[in-house]
Amino acid sequence: MIDLPAELVPAPDYSGPAVLDVPGAELPVQVALAGHLDPIDGRFHWYGRIAAAAGVDLPDPGRGQVTLILPDGSAAAGRIQERDPWGHLRIVGVGAPPFTSAPGNDSGTTDQP
């Protein structure tokens, strides 16, 4: 494994508590989310890792579309892709993210075809 100095590791655009809304349940989770405007398709792609809150079992990947809701009430639809070796889930979404995008990321153009 390569160790990078902390100043070279990009900070997530949002890191903190959230609610994962899956069919039949709303689960309290901790997330680290980031994203970027894709220059090829012109849409905002966001992604991140989901960790379970204490006493919560995360769902299995492949459950279709889920919704991630942040404490300020902002929400976005995403898909759970895989479980990592530490038991966390990877979530991805295209379009407006659940967090306020970083400066220079214009998520307002994401709904264009």
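The first residue in the sequence is number 1, and the count goes up from there.
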inquiry  = For Arg83, give me all partners under salt bridge (charged side-chain N to carboxylate O under 4.0 Å, His left out), at least two apart in sequence or on another chain.
reply    = Asp60
request  = Go through the structure and list residues passing side-chain hydrogen bond (donor to acceptor under 3.5 Å, both in side chains) with Gln81, not counting sequence neighbours.
outcome  = Arg90
task = Return yes if some donor-acceptor pair links the side-chain N/O of Asp84 with the main-chain N/O of His88 below 3.5 Å, else return no.
result = yes
message = Restricting to ring pair (Phe, Tyr, Trp, His ring centres under 6.0 Å), what partner residues turn up for Tyr47, sequence neighbours left out?
response = His36
task = Check Gly35 against Asp13 and note the closest heavy-atom contact, atom names and distance.
result = N-OD2, 3.2 Å
ask   = Which atom pair, heavy atoms only, marks the closest approach of Pro61 to Ile80?
value = CA-CG2, 3.7 Å
key: Non-hydrogen atoms of Thr67 and Ala75 that approach each other most closely   = CG2-CB, 3.9 Å
query = Val92 and Val66: same hydrophobic cluster, using ILVMFWY side-chain contacts below 4.5 Å?
reply = no
inquiry  = Could you go through Trp46 and Leu33, starting from their C-alpha distance and side-chain angles, then the distance that decides it, and tell me whether this counts as side-chain contact (heavy atoms from CB on, under 4.5 Å)?
reply    = CA-CA 7 Å; Trp46 60 272; Leu33 304 171; 4.3 Å; yes
query = Of all residues at least two apart in sequence or in a different chain, which pass the side chain to side chain contact (heavy atoms under 4.5 Å, CB included) check with Asp72?
reply = Leu70, Ser74
message = Which Ile, Leu, Val, Met, Phe, Trp or Tyr residues join Ile69 in one cluster when any pair of side-chain heavy atoms under 4.5 Å counts as a link?
response = Val19
inquiry  = Working to the nearest 0.5 angstrom, can you tell me the gap between Leu37 CG and Arg43 CZ?
reply    = 11.0 Å
Nearest heavy atoms of Leu58 and Ile50, plus distance in Å = CD1-O, 3.7 Å
key: Spacing of Ile91 atom CD1 and Glu82 atom CD [to the nearest 0.5 Å]   = 12.5 Å
ask   = What pairs with Pro71 under side chain to side chain contact (heavy atoms under 4.5 Å, CB included), at least two apart in sequence or on another chain?
value = Tyr14, Pro17
request  = Specify the closest pair of heavy atoms between Asp38 and Ile40, including all atoms of both residues, with the distance to one decimal.
outcome  = OD1-N, 2.6 Å
Heavy-atom closest pair, residues Pro28 and Val56 = CG-CG2, 3.8 Å
ask   = Under the side chain to side chain contact (heavy atoms under 4.5 Å, CB included) test, which residues partner Ala77, sequence neighbours left out?
value = Gln65
